Each structure stands twice: as structure tokens, then as C-alpha cells.
2 protein chains.
Amino acid sequence: MRRPLSPSDRRILRVLQGDGRITNAALAEKVGLAASPCLRRLKALEEDGVIEGYRAVVNRKALGFEVEAFVFIKLEQSEPGWRTRLVDRLKGYDEVIACHALAGEVDLIVHAVARDLDSFGEFTMNRLLTLPGVADVRSSFVLSAIKPLTPIPVPEHD
Amino acid sequence: MRRPLSPSDRRILRVLQGDGRITNAALAEKVGLAASPCLRRLKALEEDGVIEGYRAVVNRKALGFEVEAFVFIKLEQSEPGWRTRLVDRLKGYDEVIACHALAGEVDLIVHAVARDLDSFGEFTMNRLLTLPGVADVRSSFVLSAIKPLTPIPVPEHD
DNA sequence: AGTGAAATGACCATAAT
DNA sequence: ATTATGGTCATTTCACT
């Protein structure tokens, strides 16, 4: 079991989701703690897996990825082993920046990036449609990021 | 236009997507630079908007959000003004951790979290379905995060 | 390379259980 | 007493010029 989050923990999480690279000293000042206890709490949050990591958010277009899309995949009913292998292959593709298994019509939702339409076409045609166990693939291009991955709100209480 | 990314820049981006909180000294060592030029490049990448920010990745369940879902929204054809207001309302909801406008069948894809089924129901019934201009809403719960938001691959060359 | 700031660990204080 | 909180100080390491 995990210990409950203190009000200080919650403040730390709020600040750190907005600026993951803030110095511990500045963080401590923002949340109203001295540096030392602030750092102790931060380490504990990492240790407990509340904070899973820190990540620089990089502009995909600056890396030359002009195309962003969601791909909706339906699977054929098949033995569990096949499903595992399919999912492992999917995870291995660089184009896949996120993938979730869903309950409902669609079985898998893939968030993908590609350099251009051609390479996205190559990806779907040669590397998605050919996966054994895939029944249906349809792609929708992203027109705009209305709310591009924001912090998870940190409730006041548990 | 933006200046092209040097091999050092690319290495910096790779490391920082994996650990956004690494110290400049350690980063410099990893990418094979002295601390000073490494810091200059880092600042330039931030300045140029290649790095958009830094963010702690927080475990949603640790915050008490047991439910994660994708919501697929179809819109009625309507005047542009309505659409803007709808999107602004959508952005304002805490449950919405990401939202993208799509080309195709579905107009909007919403990535949402909620404390439990009840509060997710309240969210969709009272705050999504009632938005003026919404024609259809369907939700799929996330069963598992097969690949939970990974770094964008940094190509060797432009 | 040098200086001011930050990180980090050892140790202490207070309060609630 | 124990657990959880936060603080102070001294030392090492880092950021930045």
C-alpha cells in the first residue's frame, strides 16, 4: 500500500507537472517548504512511483514529423499468444508514440507520427495492415492539438 | 526558419526525453560535450521552441483516477463561432487531459480521466452530451496502456 | 576558471497517534 | 514511543559568467 499524499505532496505534483525541470530550491519556495524536506518528499514520490519520470516535451515538427494521426485497430478473435506478439510488434515501431487497448468497437488506439504522408502510408500499409490478427485499420489525421497533453489535475483531497 | 539540429542537439533531445530532470553536468557527459557548450545548446533549443517544456509524469491511479477513457465526438455542421465556443468549453474540463481535432468520421478525440465510473458518467452525460453542436458521443474505456506516451524518436538526420 | 547558488545528508523540533 | 511533519546547518556539487 502507498501512504496518502500530504497537502505538500499535492502542491509538489502540481508544480512539477507544469515545470518538471524547476530546481528543488525554487520548487520548495513555491510550495512553501524548506529545500531539504521538499527534496525528501520529491524523492519519496519518485520512490513510490507516484512520479513515474520526467520528460522534455519536444515539438514534433521541429524533428521533421509533419504528420500526426490516430489509428483505430480492430482485431480478429485469436488466441492470447497471437495478441501478445502483435502488441509487442506494435510497441516496437518508432512511429507509435502511444498505444492503448480499449473496451468497445475498437480494440487498439495508436497515436502515431510520421515524416510525411508517404512514410505514413508505408507505415500503415506495410507494418500495420500486415500484422497477423488485425481485422481492420482506419486512420484519422490530426488537424489540430486542441489540448495537447496537459497535467493530470491533482485533487485537494483523496 | 529554424537552424538545423546538430548531432549534439539530437543527442540532447534523446536524453532529455528520457530524463527531463537530469543535471546539465550529467547531460553533458552523456552526450559527449563539456558542460558549458551543452548548456548553451540546451538554452538555444528551449529558445527556438524545439523543447516546449518539461513535465513530471504522474501516475493517474496514485491521484485516485481509476478510470481512463477515449471519447469520440461527432459534431453537427454549424457556424465556426459555435465550434470555437464548444472547443473552449471542452478545453476547460479537468477530466480532459488531451484533445485533438481529427479529419474523418470522428471530429474530436478526447482523452479523459475520472475518479470512478459514476463521475465519468456525470462528465459525459452532463458536460459532454449537453454541449451545443455535439451530434454524437461514444466512449471507450482504456483497458491497458500498451505504450504510454513515449518519447518522439529523434532521427539521425533531417 | 571562479563565484554564487543549489543539492544533499546529518541532525533537531514539534505535533499527533 | 512512534510516526510524520518540517527546519537548520555544513559540505559537496552544479550553474553560469
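Nothing here was measured: the structure is a model prediction, and the numbers come from that model. Chain letters run A, B, ... following the sequence lines, proteins first, then strands; residues in each count from 1.
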What's the CG-P distance between A:L39 and C:dA10, to the nearest Å? 13 Å
Rounded to whole Å, the CD-C1' distance (B:E46 to D:dA15) equals 13 Å
How would you summarise protein contacts on nucleotides 2-7 of chain D per nucleotide, using B for base, S for sugar-phosphate only and - for none, with heavy-atom distances below 4.0 Å? ---SBB
Any residue of residues 16-28 of chain B with a heavy atom less than 4.0 Å from an atom of DNA chain D: B:T23, B:N24, B:A25
Residue pairs fulfilling salt bridge (Lys or Arg N to Asp or Glu O under 4.0 Å) with at least one residue in [range], sequence neighbours excluded:
range	answer
residues 92-115 of chain A	A:K74-A:E105, A:E95-A:R127
residues 143-158 of chain B	B:R14-B:E156
residues 31-40 of chain B	none

Between the protein and nucleotides 2-4 of chain C, list every N/O to N/O distance that falls short of 3.5 Å.
none

Please enumerate all residues that pass side chain to side chain contact (heavy atoms under 4.5 Å, CB included) together with [X], with sequence neighbours excluded.
X	result
B:D88	B:T84, B:K91
B:S8	B:S6, B:R11, B:L33, B:R41
B:A25	B:T23
B:E46	B:L42, B:K43, B:I51, B:Y54

Check: residues 133-146 of chain B side-chain donor-acceptor pairs under 3.5 Å, at least two apart:
residue	atom	partner	partner atom	Å
B:D136	OD2	B:R138	NE	3.1
B:S140	OG	A:A103	O	3.3

Using distance only, find each side-chain donor-acceptor pair of residues 56-63 of chain B under 3.5 Å and give its atom names and separation, not counting sequence neighbours.
residue	atom	partner	partner atom	Å
B:N59	OD1	B:K61	N	2.8
B:N59	OD1	B:A62	N	3.2
B:N59	ND2	A:E52	OE2	3.1
B:R60	NE	B:E68	OE1	2.7
B:R60	NH1	B:F65	O	2.9
B:R60	NH1	B:E66	O	3.4
B:R60	NH2	B:E68	OE1	3.2

Over 60° means perpendicular and under 30° means parallel, so classify the ring planes of B:Y93 and B:F123, tilted if in between. perpendicular
